[in-house]
Amino acid sequence: MNGKHIQKLGFEKRAIKLALDAANLREDAGAKRGDILEELQAVQNNPTGYLSGGVYADLAAELHEQQQAGVSRQSAALRSTPLPYRVWGQDLIDPGAHDQMDVAMRLPVSRAGALMPDAHVGYGLPIGGVLATENAVIPYGVGVDIGCSMMLSVLPIAPGALSTDEARSLLMKHTRFGAGVGFEKRDRQDHEVLHESTWKDQPLLRHLYPKAAEQIGTSGSGNHFVEFGTLKLREADLGMEPGEYLAVLSHSGSRGFGAQVAGHFTALAQKLHPNLDRAAQKLAWLPMDTHEGEAYWQAMNLAGRYALANHDLIHRRLAHALNVRPTAQVSNSHNLAWKQIHQGRELIVHRKGATPAERGRLGLIPGSMADPGFVVRGRGEEAALNSASHGAGRQLGRKAAANTLAKKDVQGYLRERGITLIGGGIDEAPQAYKRIEDVIARQSDLVDIVAEFQPRVVRMDTGSEDI
DNA sequence: ATGTCC
């Protein structure tokens with residue numbers, strides 16, 4: 001047996017040496033040359049079948065890697081034209097978000113997509129973008145803040161019964177904001193999510209566990225908030241009679257934990273696709289049937305549950321301090337990927353700043369620090385992949401907001417609406433967002449309005465420039 | 001979105 005015999009079978013580079021090593025071992029064990037060549041061919045046809053051990057394991061690993069790389073190269077090319085997708089609120093969406101969605105719809109793994117009326121430019125997939133892929137998950141299709149979500153608790157208290165001062169002191173005492181911020185050790189609360197065995201399944205998760213435990217129950221920075229306000233229910237719903245109720249609304253994510261998961265798997269996805277078209281570099285994907293894809297899926301879903309646990313603790317603390325139990329609660333994630341059957345195929349539906357809106361499903365679409373948010377019920381629009389907007393969406397970028405908005409105008413806007421603001425920055429001013437009424441109007445075929453929430457006492461992180 | 005490098 002020599003290299004020529006092996007080469008004839010079509011082995012390349014390092015695989016030739018590994019095949020020869022294995023063949024020699026088999027010859028030493030008394031196997032016939034013809035049988036060995038047949039065995040090598042079998043390994044070549046199905047490397048994964050030989051990975052677990054035996055004389056051909058190293059060869060199988062090399063062949064598997066070569067084949068994966070080949071698949072990656074083959075699948076790196078973008079379609080020449082984007083697959084068609086529907087847009088809600090075209091007149092509200094800037095061209096940049098459109099361009100990004102076009103690139104996403106040219107990915108070879110893309111199957112369907114939609115753009116929500118709050119859409120604006122983001123990294124990779126635009127915010128407000130919905131993208132369905134086959135056997136692939138895109139870390140930047142979910143975003144940096146994995147599992148970013150909303151929660152509303154309706155409390156059995158009349159809106160007027162909680163004074164502004166009391167609301168303010170409750171928010172100061174029971175919520176924490178800011179990058180890197182966690183709860184002080186003596187105030188730290190436990191949650192079921194921290195006891196999941198999932199944390200032990202990956203070195204990365206194990207490593208991030210202490211940070212996650214430190215930051216649980218907190219709210220982060222940017223557009224995250226916790227606020228007291230008034231929920232107006234026009235018709236009996238949510239198990240409640242029509243009326244006005246005190247309610248808590250929160251917007252939070254998976255904090256440093258989720259951000260690091262996103263960073264880790266985004267880098268991994270880009271490394272797996274070195275030949276991906278530059279325009280789509282930030283949309284690099286992980287095949288779902290690989291170890292990497294499975295690992296991301298597991299970590300992403302843990303970050304999703306962790307983000308909801310943050311809300312859960314925020315609402316538990318506030319309700320407990322008021323000595324009540326919520327009469328109704330609604331929550332939804334708006335940065336996550338889901339397995340969803342679309343036109344008979346199981347697809348991976350990425351919602352990056354989009355609210356799940358399956359028929360009958362409740363969701364929350366906030367406006368701004370001073371404008372109403374809405375409790376909605378999905379209508380299950382297939383062309384929108386059962387989605388709706390996740391908010392009003394930015395009209396001005398952070399810098400543009402700081403440069404163009406006058407502090408006086410923002411203060412006036414808040415005063416007119418009776419808003420008390422703790423923290424907050426000019427880059428989160430209501431004027432930096434699209435009009436929520438417009439955004440809601442553009443998606444009347446995606447969701448029905450259940451109730452309206454008017455914020456009253458709002459806490460956010462201190463922004464770059466105070467209002 | 002995040003203490004901007006796991």
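By convention in this document, chain letters (A, B, ...) are assigned in the order of the sequence lines, proteins followed by strands, and residues within each chain are numbered from 1.
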Worksheet item: At under 4.0 Å, does any side-chain N or O of A:Lys211 touch on OP1 or OP2 of B:dG3?
Response: yes
Worksheet item: Once you round it to whole Å, what is the distance between P of B:dT2 and OH of A:Tyr123?
Response: 14 Å
Worksheet item: Is the gap between the ring centers of A:Phe257 and A:Tyr306 under 6.0 Å?
Response: yes
Response to the item:
DNA chain B nearest-nucleotide lookup for A:Val181 and A:Gln260: closer to the 5′ end is A:Val181
Item to complete: Using a 4.0 Å heavy-atom cut-off across all strands, classify A:Gly222 as base, sugar-phosphate, or nothing.
Response: sugar-phosphate
Response to the item:
A:Arg206 CZ to B:dC6 C1', in whole Å, measures 16 Å
Practice prompt. Under 4.0 Å between any heavy atoms, over every strand shown, what does A:Lys352 touch: base, sugar-phosphate, or nothing? Just pick one.
Written response: nothing
Worksheet entry | Distance-only donor-acceptor test, A:His207 side-chain atoms vs B:dC6 base atoms, 3.5 Å | yes
Fill in: Per A:Gln215 side chain, nearest of listed nucleotides B:dT2, B:dG3, B:dC6
B:dG3
Discussion item. Using 0.5 Å steps for rounding, measure from the CG atom of A:Leu336 to the CD1 atom of A:Ile146.
Written reply: 8.0 Å
Worksheet item: Roughly how many Å is it from CZ in A:Arg255 to P in B:dG3, rounded to a whole number?
Response: 6 Å
Discussion item. For A:His334 and A:His390, take the angle between the two ring planes, folded into 0 to 90°, and tell me which bin it lands in: parallel under 30, tilted 30 to 60, perpendicular over 60.
Written reply: perpendicular
Discussion item. If I take atom CG in residue A:Leu208 and atom P in nucleotide B:dC5, what distance separates them, rounded to the nearest angstrom?
Written reply: 15 Å
Practice prompt. Tell me which nucleotide among B:dT2, B:dC6, B:dG3 gets nearest to the side chain of A:Ser221.
Written response: B:dT2
Response to the item:
Between A:Leu204 and A:Gly253, the residue closer to the 5' end of DNA chain B by nearest nucleotide is A:Gly253
Worksheet item: When we call it a touch if two heavy atoms are under 4.0 Å apart, what does A:Phe257 touch: a base, just sugar-phosphate, or nothing?
Response: nothing
Practice prompt. Find the distance A:Arg176:CZ to B:dG3:C1' and express it as a whole number of Å.
Written response: 18 Å
Item to complete: For A:His224, answer base if it contacts any base atom (sugar-phosphate contacts may also be present), sugar-phosphate if it contacts only those atoms, and nothing otherwise; contact means non-hydrogen atoms under 4.0 Å.
Response: sugar-phosphate
Practice prompt. Take the protein atom NZ of A:Lys271 and the nucleotide atom C1' of B:dC5, then report the distance between them rounded to whole Å.
Written response: 13 Å
Worksheet entry | Between A:Thr48 and A:His64, a side-chain donor and acceptor under 3.5 Å | no
Worksheet, complete the sentence: Separation of B:dT2 atom P from A:Asn335 atom CG, nearest Å, is 11 Å
Discussion item. Looking only at the side chains, is there a donor atom on one of A:His311 and A:Ser252 sitting less than 3.5 Å from an acceptor on the other?
Written reply: no
Fill in: Whole-Å distance separating the CG atom of A:Asp145 from the P atom of B:dG3
10 Å
